[in-house]
**Student:** 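Here it is, the structure, as structure tokens.
Residue numbering restarts at 1 for every chain, and letters A, B, ... go by the order of the sequence lines. Source: prediction; values computed, not measured.
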There are 2 protein chains.
Amino acid sequence: MKNAIAPTRSENFSEWYQQVISHSELAENSPVRGCMVIRPWGYGIWEQMQRELDQKFKDTGHVNAYFPLLIPLSFLQKEAEHVDGFAKECAVVTHHRLEQNADGTLTPAGELEEPLIIRPTSETVIGASFSRWVQSYRDLPLLINQWANVLRWEMRPRIFLRTSEFLWQEGHTVHASSEEALGETLKMLDIYERFTVEHLAIPIIKGEKCSWERFPGAVSTYTIEAMMQDGKALQAGTSHFLGQNFAQASDIRFVNKEGVKELAWTTSWGVSTRLIGAMIMAHGDDDGLVIPPLVAPMQVIIVPIVRSGQDAEAIHAYCDKLQKQISRKRLKGQNLRVSVDKRDMNGGEKKWYHIKRGVPVRVEVGIKELEQSTVSYSCRDNSKKTLNVEMSSFVKDLPKILQTIQSGMLESARKKLSNNTKTATTLDDFKQAFKRKDKLNTFVLAPFVDDEKVEKVISELGVTVRCIPLAQPKVAATCLFTGQLTKTWALYAKSY
Amino acid sequence: MKNAIAPTRSENFSEWYQQVISHSELAENSPVRGCMVIRPWGYGIWEQMQRELDQKFKDTGHVNAYFPLLIPLSFLQKEAEHVDGFAKECAVVTHHRLEQNADGTLTPAGELEEPLIIRPTSETVIGASFSRWVQSYRDLPLLINQWANVLRWEMRPRIFLRTSEFLWQEGHTVHASSEEALGETLKMLDIYERFTVEHLAIPIIKGEKCSWERFPGAVSTYTIEAMMQDGKALQAGTSHFLGQNFAQASDIRFVNKEGVKELAWTTSWGVSTRLIGAMIMAHGDDDGLVIPPLVAPMQVIIVPIVRSGQDAEAIHAYCDKLQKQISRKRLKGQNLRVSVDKRDMNGGEKKWYHIKRGVPVRVEVGIKELEQSTVSYSCRDNSKKTLNVEMSSFVKDLPKILQTIQSGMLESARKKLSNNTKTATTLDDFKQAFKRKDKLNTFVLAPFVDDEKVEKVISELGVTVRCIPLAQPKVAATCLFTGQLTKTWALYAKSY
């Protein structure tokens, strides 16, 4: 049987990824290099992700605010590592108007005294506000989140994974003590983990970044790393313990209970539209997108099948009734999201349209179903295909069917992660793990020493240190690259 | 009695406005001229507005998408009036990285071949996508909305009213016929009207803009105009019928049912964070903000009053119980939003904190209320202040109390609008209406001819044509400025 997406995953994973995005109408490249247009289907997934994450942030005491898009150059310079990290990829605004030339073309005019950059991240501009808002220990902790667009000029853009402009949330918090700030950093990492596992059905490895993979200016960076179907790693979210570096840079101080002025402790954490890329590559198949039900903008699509001479009106009315009943059912506190596709197209075309877009459950209703008060349905993860099941029992079972798809997807992703994770204690084993005949990649657990020599050797193999997992084997071993004895193990992988 | 805000509205309305924003912690100016920081309380109001508007858009078949922040210069030039309208206020990106000088300062580097502008509005960049998405009549209507930040360089910035960067939604739709596009334009105007009246409790005048007040590139622009408490007008939302101008510029064509290629018809419509400014100036009083309950991030605040020696724990527990009960009650399909303020501050300070922030209902619970199972409460609009009402009956009545505040606020704003609207049929009457002894301004209905001579005369009086109301007096009269006989009447006012 022919698949809807060419090439298939095993033929060319990278091209398959682009084709899925295009066939499922998730997004497209824009005329500005590196920037994307997120189409309604892709944005609908983002809205589901936002809703769930936003609720989790609010449940843990965070509030949303909004800070300016533009940042003065002088702000960026306040933290030395920060400016080094971002200077190479900043969009710079230098003028504030355009003048029309005689030939009708436009020239920038009104040069600014100080150029402005479009935020690549907002620590510095948010810090300026925080230094005003925080005066006393009573103002702490300050727990703020922002949903925003950011811009980091990308030389090798890839839709959802590395785009110059992307959408994200960035949390920024201020605390009275180091312990509390570190606690917040790890709490938010746990929220990211729960969301990724429970809603995106993607298992992750939680860990700390090594020194050269840290966020510029952070004391420590924590990450959740996910495995894509080609065995490569994708950094799905990060949470940074910033120590007092940014508090110092922005002068965020508070008077403690004893009346003494102290420097505060800050954190920041974020996930982005990159998660959509993770979802595509973790679950998609050779027929297109497969969306986990909990984040699907539409969980059920009802397709009326009307053959010539049949009573279209009656079939449509039956579909409407079905939709109404389904939309009253609930899954995890939300009403089910369901539509009827009455477009004037042939049934096969419609079927493939929804398969490629990854709608979790597709219901088909023809004259037979109408006459017998039944439905026929298929689950997008191929777990189930049932003809002529009684309508009322189907509606009743639907939340369970969706929940089963959701858990099945997580289970299947967990198996892939587990099957493709190896332990290496010799350099040979290590190298072998990245030269598999099936062209898949491997996650490798191996001893680790935080020494830039390691980076040099592994980067020649195209491999990076993904993280030092929070769950450690607790056995000493010899670092494969420096020969040093160490108790620390790291996760190594090729990555996006 | 002293008021919380100095100066008062009658002393200096403009300075009162700034002070309300500052005391209620809605927003603050950022270090980048003309850009604002929307603080959590202000953003919370925006979230309520977004939720309601987004639902209304979705209920009428619109879906959200996201388009790039950056627009190539060449795009802006595609529509001649459009470029004239926006060229003078565009932030221009000319470089894509920064280089560090020997002294540590930064210089823009990596000059772009073609400069990019930050979107002032997105017709041109969205048009580029629409020209790909629209192929056949089957693809129409295309009903898209975007929630985004935009930037228009402001020389005289004013927080929420005119900021260089602001947040908004911009709807963009494509239709097969002129009638349908015009219908959409007016349908969205109606949605804006309903939202502004029902949720913001602000009455509006609906009408069409005159030629020189039109959106650059539109065939016709419709507006909702609201009266602020100083009698000035604020344009609260606009909806544009773009005819085929932008379809032509972006080449949006479709094959009709007869197989013939046709140029499409488009619309665009938007409201912004300016609505927060409208809300402040329509309802605020000399003690600060007054928020209509339906858009209040917190509708009820419970303030425990614990005097020294009293059982704080018992009073707090009583407040928690009250909060739990209130949060289960519903208003317009939403659970009530309620908090307990347990901060370590004196009662008077807390009380004024919430008054200035405009929380609709403030409940006070002290030892007396605890002992008698009662509450004492005040409505922020001063409509009601009740001591020792039985707790369970208060909880039961709360949705009605909030609904009464909401309607009372609309009623009061309606009276102000009606009292300050005059009809003028002579130039003397017209001039007199803008020179009132009480320093308030007036909305003036007067005959109108769409002739730029009119603009010249009235602009000398500091007056603008707000709109040609959809509801017309239907009597002929003489234009006060051109002497021409006309059946058209316009709304004239000083404006923000």
**Student:** Using modelled atom types only, decide if a donor and an acceptor are shared between the side chain of Glu165(B) and the backbone of Leu69(A) within a distance under 3.5 Å.
**Tutor:**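 Yes: the side chain of Glu165(B) pairs with the backbone of Leu69(A).
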**Student:** Taking Leu116(B), Thr107(B), Asn64(B) one by one, which has the highest count of heavy-atom pairs under 4.5 Å against chain A?
**Tutor:**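 Most pairs with chain A among the choices: Asn64(B).
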**Student:** Using non-hydrogen atoms and a 4.5 Å limit, figure out which bit of Glu25(A) sits close to chain B: side chain, backbone, both or neither.
**Tutor:** neither
**Student:** Looking at chain A, which one of Val92(B), Asp344(B), Thr273(B) has the largest number of heavy-atom pairs inside 4.5 Å, strictly under?
**Tutor:**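 Most heavy-atom pairs under 4.5 Å with chain A: Val92(B).
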**Student:** Using non-hydrogen atoms and a 4.5 Å limit, figure out which bit of Asp54(A) sits close to chain B: side chain, backbone, both or neither.
**Tutor:**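 For Asp54(A), the contact with chain B is made by the side chain alone.
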**Student:** Mind ranking Ile71(A), Leu98(A), Ile117(A) by heavy-atom pairs under 4.5 Å with chain B and telling me who comes out on top?
**Tutor:** Leu98(A)
**Student:** Against chain B, work out which of Ile144(A), Val125(A), Ile118(A) has the most heavy-atom pairs shorter than 4.5 Å and name it.
**Tutor:**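 The candidate making the most pairs under 4.5 Å is Ile118(A).
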**Student:** Quick one about Thr94(A) and Thr94(B) (side-chain donor to acceptor, distance below 3.5 Å, no hydrogens or angles considered), yes or no?
**Tutor:**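 Result is yes, a qualifying pair exists.
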**Student:** Measuring from Thr121(B):OG1 to Trp168(B):CH2, what's the distance to the nearest 0.5 Å?
**Tutor:** 3.5 Å
**Student:** With a 4.5 Å cut-off on heavy-atom pairs, point out which of His96(A), His95(A), Gln146(A), Glu114(A) contacts chain B the most.
**Tutor:** His96(A)
**Student:** Counting only non-hydrogen atoms closer than 4.5 Å, does Asn145(A) touch chain B with its backbone (N, CA, C, O), its side chain (CB onward), both, or neither?
**Tutor:**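 Asn145(A) has no heavy atom closer than 4.5 Å to chain B.
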**Student:** Hey, is Glu52(A) close enough to Lys56(A) for a salt bridge, meaning N to O under 4.0 Å?
**Tutor:** yes
**Student:** Does any heavy atom of chain A fall under 4.5 Å from the side chain of Thr105(B), the backbone, both, or neither of them?
**Tutor:** both
**Student:** Quick one: CD1 on Ile276(A) to CD on Gln48(A), what's the gap to the nearest 0.5 Å?
**Tutor:** 11.5 Å
**Student:** Tell me, side chain or backbone of Pro115(A) under 4.5 Å from chain B's heavy atoms, or both, or neither?
**Tutor:** side chain
**Student:** Would Arg156(B) and Glu154(B) pass as an ion pair if we require N to O under 4.0 Å?
**Tutor:**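 No salt bridge links Arg156(B) with Glu154(B).
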**Student:** Let me know if Arg132(A) has heavy atoms under 4.5 Å from chain B in its side chain, its backbone, both or neither.
**Tutor:** side chain
**Student:** Looking at Phe75(A), I'd like to know if the NZ or CZ of Lys78(A) sits under 6.0 Å from its six-membered ring centre while staying within 45 degrees of the ring's axis.
**Tutor:** yes
**Student:** Between Met345(A), Arg39(A), Lys88(A), who has the most heavy-atom pairs with chain B when the cutoff is under 4.5 Å?
**Tutor:**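 Heavy-atom pairs under 4.5 Å are most numerous for Arg39(A).
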**Student:** Checking Phe86(B) against chain A: side chain, backbone, both or neither under 4.5 Å from a heavy atom?
**Tutor:**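 For Phe86(B), there is no contact with chain A at all, as no heavy atom is under 4.5 Å.
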**Student:** Given that the side chain runs from C-beta out, which part of Glu89(A) has a heavy atom under 4.5 Å from chain B: side chain, backbone, both or neither?
**Tutor:** backbone
**Student:** In terms of ring plane angle, is the pair Phe130(B) and His172(B) parallel, tilted or perpendicular, where the classes change at 30° and 60°?
**Tutor:** perpendicular
**Student:** Do we see a donor-acceptor contact under 3.5 Å between the side chains of Glu28(B) and Trp133(A)?
**Tutor:**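 Yes.
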**Student:** Pairing donors with acceptors under 3.5 angstrom, does anything connect the side chains of Tyr66(B) and Asn149(A)?
**Tutor:**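 A donor-acceptor contact under 3.5 Å links the two side chains.
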**Student:** Below 4.5 Å from any heavy atom of chain B, which atoms of Gln100(A) appear? Answer side chain, backbone, both or neither.
**Tutor:** side chain
**Student:** For Arg138(A), is it the side chain, the backbone, both or neither that has a heavy atom under 4.5 Å from a heavy atom of chain B?
**Tutor:**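 When you check distances to chain B, only side chain atoms of Arg138(A) fall under 4.5 Å.
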**Student:** Checking heavy atoms, do the side chain of Ile126(A), its backbone, both or neither come under 4.5 Å from chain B?
**Tutor:** neither
**Student:** Can a donor-acceptor pair be found between the side chains of Trp147(A) and Glu47(B) at a distance below 3.5 Å?
**Tutor:** no
**Student:** Please identify, among Ser164(B), Cys35(B), Pro108(B), Cys90(B), the residue contributing the most non-hydrogen atom pairs under 4.5 Å to chain A.
**Tutor:**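 When all of Ser164(B), Cys35(B), Pro108(B), Cys90(B) are compared, Cys90(B) has the most.
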